[in-house]
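Accompanying notes for the structure given below.
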Amino acid sequence: MRSDSTPLTNRRARRLATRRTRRRPVTAMGALVVGVVAAAALTGTVPAATASPADLSTATFSLASATTPVALAASAGPQISEARAATAAASTSLGAATQVQGDIAASGLDIGQPATVDTTALEAATDRLEKAYVLPETFLPALTENVTAASATVDQRVSELRGGLDAAVAKKAEEEAAAEKARQEAEAAAAAAAAEKAAAEQQAAKSSSSSNSGSSSSNKSSGGGGTSSAPPASSGGGSGDNSPAGAQATARGMLAGWGWGDDQFSCLVSLWNKESGWNYKAYNAGSGATGIPQALPGSKMASAGADWQTNAATQIAWGFGYISGRYGTPCAAWGHSQSTGWY
C-alpha cells in the first residue's frame with residue numbers, strides 16, 4: 001500500500017510546486033504596486049503617465065512638486081478667472097490712489113482732510129492671492145474676496161479725495177473770478193472818475209473862456225453848451241422824469257456829449273434793460289448793485305452828483321463814465337455782457 005501511494009503523493013507535490021512558481025511573478029508585481037503607492041504617499045510623487053496593471057513595468061513617475069504648479073497656473077477655472085480679475089482691479093485701485101495723491105500735491109490746495117490713501121491692506125491681500133495661484137482652486141475664493149473688499153475700501157477713499165480736490169479747485173476758481181471782477185470794477189471806477197474830472201475841467205475851461213469874452217449872454221449860452229456835453233451837468237438837465245421812458249430819453253440826449261452816435265443807443269437800452277429795467281430805484285439784494293447802471297456799491301455814483309439816489313440822470317451820467325472808461329462804447333459793453341453775463 002505504501003509503495004502504491006507514494007508516487008501519487010509525489011505527483012501532487014510537484015503540481016503544487018509548479019503552481020507556486022507560476023504565482024510568484026504576479027505576487028511580486030502586486031508587492032511592487034503597493035510599494036509604489038506607499039512611496040507616492042510618503043514622498044509626494046504621482047505617476048506622470050498612466051499604465052495598465054498588466055504593464056506596470058513600463059510606468060514612469062515624477063515629483064508632484066515639479067508638475068502640479070504648472071497645471072494650476074495654466075488652469076482656466078472660474079476661481080482662477082475671478083482671482084485674476086480681482087488682481088487686475090487691485091492694480092487699478094493702487095494706480096488711482098497714487099494718481100489722486102499726486103494731483104493733490106501738485107495743486108497745492110487745502111482739501112480739508114489728510115491727502116493720503118492707506119493701501120497697505122490691499123497690497124498684502126494682493127500678494128497673498130498671487131502666491132496662492134500654485135494651490136488648489138478651493139483656496140482662492142476667500143483670498144479673492146479679501147482683495148475685492150480691500151480694493152473697495154481704497155476706491156472709496158480715492159473717491160473722497162477726488163471730490164475734495166474738485167471742490168477746492170472750484171472754490172479757487174470762484175475766488176479768482178470774484179477778484180478779477182473786483183479789479184475790473186475798480187479800474188472802471190477809476191476810469192470813470194478820471195473821465196468825469198476831465199469833463200469838469202473842460203467845463204471850467206469853457207466857463208473861463210466865456211467869462212473873458214465879457215458878454216453875459218455869451219456866458220449863459222456857453223454854460224448851457226457845457227451842460228449839454230458834460231456828464232454831471234447833463235444829469236441835472238432834462239425834464240426830471242425818472243420813469244424808464246424818461247430815463248431813456250435823457251440818456252439819448254447825452255450820447256453825443258460822450259462822442260457816441262445814435263447807433264449806440266439800442267445797445268445801451270438792451271444793456272440797462274437787462275441790468276435794471278431802467279429803474280433808478282433798482283437794487284440787487286444779492287450783490288448790493290444799485291440804480292440804472294447797477295453800480296457796486298451804489299455810493300460810487302456820488303461822484304456824478306449828490307442826488308444820485310433820486311435822479312436818474314445822475315445815475316446815467318455815472319454809467320456813461322463807467323462804460324467809456326471800461327469798454328469805450330455801449331455796444332462794446334453790451335457785447336461783453338452777452339458773453340459773460342455781466343459788464
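Note: hydrogens, waters and symmetry copies are ignored here, and every other heavy atom, side chains too, is used. These numbers were taken from a predicted model, which means no experiment stands behind them.
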Between atom [atom1] of [X] and atom [atom2] of [Y], what is the distance when rounded to the nearest 0.5 Å?
X: S266; Y: R252; atom1: OG; atom2: CZ; result: 9.0 Å
X: K300; Y: E185; atom1: NZ; atom2: CD; result: 5.0 Å
X: M301; Y: Y280; atom1: CE; atom2: OH; result: 12.0 Å
X: Q338; Y: C267; atom1: CD; atom2: SG; result: 8.0 Å
X: L143; Y: E82; atom1: CG; atom2: CD; result: 12.5 Å
X: C331; Y: L271; atom1: SG; atom2: CG; result: 10.0 Å

Given 3.5 Å as the limit, does a donor-acceptor pair link the side chain of [X] with the main chain of [Y], or not?
X: N284; Y: T290; answer: no
X: T153; Y: A149; answer: yes
X: K274; Y: S337; answer: yes
X: T314; Y: W308; answer: no
X: Q264; Y: T329; answer: no
X: S91; Y: T87; answer: no
X: H336; Y: Y327; answer: no
X: Q315; Y: G291; answer: no

State, to 0.1 Å, how close [X] and [Y] come at their nearest heavy-atom pair, and which atoms those are.
X: P141; Y: Q79; answer: CG-CG, 3.9 Å
X: A333; Y: I323; answer: CB-CG2, 4.1 Å
X: I292; Y: S276; answer: O-OG, 2.7 Å
X: A97; Y: T119; answer: CB-CG2, 4.0 Å
X: N242; Y: A312; answer: OD1-N, 3.0 Å

Indicate yes or no: at least one non-hydrogen side-chain atom of [X] is less than 4.5 angstrom from one of [Y].
X: L135; Y: L140; result: no
X: I104; Y: I111; result: yes
X: W272; Y: I316; result: yes

Just list the side-chain donor-acceptor pairs under 3.5 Å for residues 159-176, sequence neighbours left out, or say none.
unit_1 : atom_1 : unit_2 : atom_2 : d
E160   : OE1    : R157   : NH1    : 3.2
R162   : NH1    : D103   : OD2    : 2.9
R162   : NH2    : D103   : OD2    : 3.0

Q. How would you list, by chain and number, every residue that makes a side chain to side chain contact (heavy atoms under 4.5 Å, CB included) with N273, sequence neighbours excluded?
A. Q248, V269, W278

(Q) Taking side chain to side chain contact (heavy atoms under 4.5 Å, CB included) as the definition, give me every residue that meets it alongside T120, ordered by chain and number, with sequence neighbours left out. (A) D118

Contacts under 3.5 angstrom, residues 125-132 side chains, donor-acceptor by atom type, not counting sequence neighbours:
unit_1 : atom_1 : unit_2 : atom_2 : d
T126   : OG1    : L122   : O      : 2.8
D127   : OD2    : K131   : NZ     : 3.3

Q: Quick one: list whatever passes ring pair (Phe, Tyr, Trp, His ring centres under 6.0 Å) with Y322, sequence neighbours left out.
A: W318, Y343

Q) Mind checking what makes salt bridge (Lys or Arg N to Asp or Glu O under 4.0 Å) contact with E123, not counting sequence neighbours? A) none

Q | F320 and W260 aromatic centres sub-6.0 Å | A | yes

